[in-house]
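Below is one structure, written out as structure tokens; comments come after it.
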Amino acid sequence: MTGPPDLDAHVVAARGSFEIDMHLRADPGQVVALLGPNGAGKSTVLRCLAGLTPLTAGHVRLGDTRLEESARDIRVEAAARRVGMVFQEGMLFPHLSARDNIAFGPRHLGMSRTGSRRRADEWLDRTGLVEYADRRPHQLSGGQRQRVAITRALATDPLLLLLDEPLSSLDASAAVSVRTFLRRHLAVVPAATVLVTHQAIDALVLADHVVVVEDGRAVQSGTPAAVAREPRSDHVASLMGLNLLRGEADDHGIRLVDGALLIAATSERGQVFASFAPNTVSLHGAQPHTSARNVWQLEVDGIAPHGDALRVHLAGAVPLLADITPGALAALGLAEGDPVWASVKATEIAVYPA
Amino acid sequence: MPRRPGGARRDGAGPALGRVPAGLLIPAALGVAVLVVPLVGLVVETPWSSLWSRLQDSAVVSALRLSLITATLAMTVCLLVGVPLAWVLARVQFRGRRLLRALVTVPLVLPPVVGGIALLVTYNRTGPLGGPVYDVVGFQLPFSTAAVVLAQTFVALPFLVLSVEGALRSTGGPFDEVAATLGASRWSTFRRVTLPLAGPGIASGAVLAWARALGEFGATITFAGNRPDVTRTMPLEIYTTYNTDREGALILSLLLLVASVAVLAGMRERWMGGAIR
């Protein structure tokens, strides 16, 4: 048996006032994030890949299979594409239990009623949702519904997995737990995966490759870390501007990969991510007398304008992004290579299991 | 049916907006009077003492049975062709869809007696459709029980189609796409997703169609005639009785009124949920 195919697409489609024109590639097992503001056309790209919206030009190929090719008038309809899709609102069938929602896909792949139910039970077990098997969607919380919806898409063994803003309809704490759930299960998905999101954290945590989308065009792409480090435009900088650190938590303390210690207000244990926005980082010329629990001496690695502020790249024990005003920069008199003290309040740091 | 969040609060009710103006309240009360007063009159005038013996009259029993059977058959035919028709109108984009919907609506505004004439000229044994059939099998539709069912279907079908189309539009368009991404064909999606989701709408459409068929008079008497035991349904029995026996007609009318109210109550309980309050 050969492995799942790679995705090769050139999506051209109309979307209201502008045209989408994007090249997109994803290897089997790779997670590509389309990151951009609402209304950038990301979801339309996914709908084109799924076959729900026709291309006006371009192509969609999975390995050697041509799913759509406008020039040759080839178009495989959505139901025959073997594409799994997770929708923004989950979109579980309201009249079916969680088990029957998950069994729906296998059933239409030709499995028997009992066979598809068994398959659903295996997946419920694999994703830790067994206790919800008999519940209807309205008896589940938003986070539980979305986990069932993700499992439903996975249970069809899709050749291409598409996730359309899977976390945006959830409240903050449910988004954190579903993000962790996605991270765990996407890691073992053999198919090429395309994730649409408007949040940098999703791209940073879930994706191997990020494509920043603006008005239907790809404006920058690369690994999430690379795009975050070297945003090519102010727009990308604000989209990807987020400090994300990984470490081992023990109560409030997080021992980071490079050995530094981070103190957070929340208590966790085990491998975690810690994230905070660049504008929560304060810079000081000398060791500050501050109530902030996290203070490090770092070095200025670069300074770039970012909107009305300046984004300072810091290197050292903890690589950080800090947004400060031009006035603050002038007062500190910073230049590349200068030492500087950085501080972050423990309450500004969001922590969740990796 | 799921209620819109906050729906109860968005309809502009509540004392915050001030007193209800008399210019609206008085016409509203008149409207209620127009609708309710005749029904009260019917109940008051009914000769209750002879009610039971009248109901055991064999002509009444026969008419009632014929009405229930034909109305149920008509409702079944409406479901079998009306639900697919509503689906086509709700889910398929094609040229002339608006025209088709207008055509479907015509029997709704057409006087039933005109519908009856149209059916009669089409299906009688010299008509464009009835003629060839009569020549081959020797069967003519008019003045048969089947004609009653066809007349009732003709007037009731638009009710079902419009109500089911509304239900299909408000439920499940996006779920069709979900089903497609899970590999389901359109037929399978219709059976396993669309039908169950539109179930309440289909049920209330069916009840509306049944009630309309039960009360059908004009098209039936024109197309099917007024033959005892064969085509004389309850409305025709009431009409026939009234010419000779006013009291008997009152009792039969009350019977149909009770049946209609029972249907409405059942609909409200089971399917309308919060829609009627």
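All values derive from a computational prediction rather than experimental measurement. Lettering follows sequence order; numbering is per chain, from 1.
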Practice task
Measure the spacing between CZ of B/Phe175 and CG of A/Leu92 and express it to the nearest 0.5 Å.
Solution key: 8.0 Å

Handout entry: CD (A/Glu77) with more than 12 external heavy atoms under 6.0 Å
Key = no

Exercise for the section: Given side chain to side chain contact (heavy atoms under 4.5 Å, CB included), test A/Arg107 with B/Leu182 step by step and report yes or no. Expected result: CA-CA 9 Å; A/Arg107 182 94 171 95; B/Leu182 291 166; over 6 Å; no

Practice task
Evaluate side chain to side chain contact (heavy atoms under 4.5 Å, CB included) for B/Thr181 paired with A/Leu52, printing each intermediate quantity in order.
Solution key: CA-CA 8 Å; B/Thr181 66; A/Leu52 298 174; 4.1 Å; yes

Fill in the blank from the handout: Given A/Ala155, A/Pro94, A/Ala149, A/Gly51, the one with more heavy-atom pairs under 4.5 angstrom with chain B than any other is A/Pro94

Exercise for the section: Sort out for me which of B/Ala179, B/Ala184, B/Pro174 touches chain A most, counting heavy-atom pairs under 4.5 Å. Expected result: B/Ala184

Handout entry: Over 12 non-hydrogen atoms of neighbours within 6.0 angstrom of CG in A/Asp171
Key = yes

Problem - Atom CZ of B/Arg65 with >12 non-hydrogen neighbours under 6.0 angstrom - result: no

Problem - Structural part of A/Arg82 lying under 4.5 Å from a heavy atom of chain B - result: neither

Exercise for the section: Give, as side chain, backbone, both or neither, the part of A/Phe87 having an atom under 4.5 angstrom from any heavy atom of chain B. Expected result: side chain

Fill in the blank from the handout: Between the CD atom in B/Glu177 and the CZ atom in A/Arg47, the distance rounded to the nearest 0.5 Å is 4.0 Å

Handout entry: Min side-chain heavy-atom separation A/Arg152-B/Val178 under 4.5 Å
Key = yes

Practice task
Would you confirm whether A/His95, through its side chain, and B/Arg192, through its main-chain N or O, come within 3.5 Å as a donor-acceptor pair?
Solution key: yes

Practice task
Using non-hydrogen atoms and a 4.5 Å limit, figure out which bit of A/Leu162 sits close to chain B: side chain, backbone, both or neither.
Solution key: neither

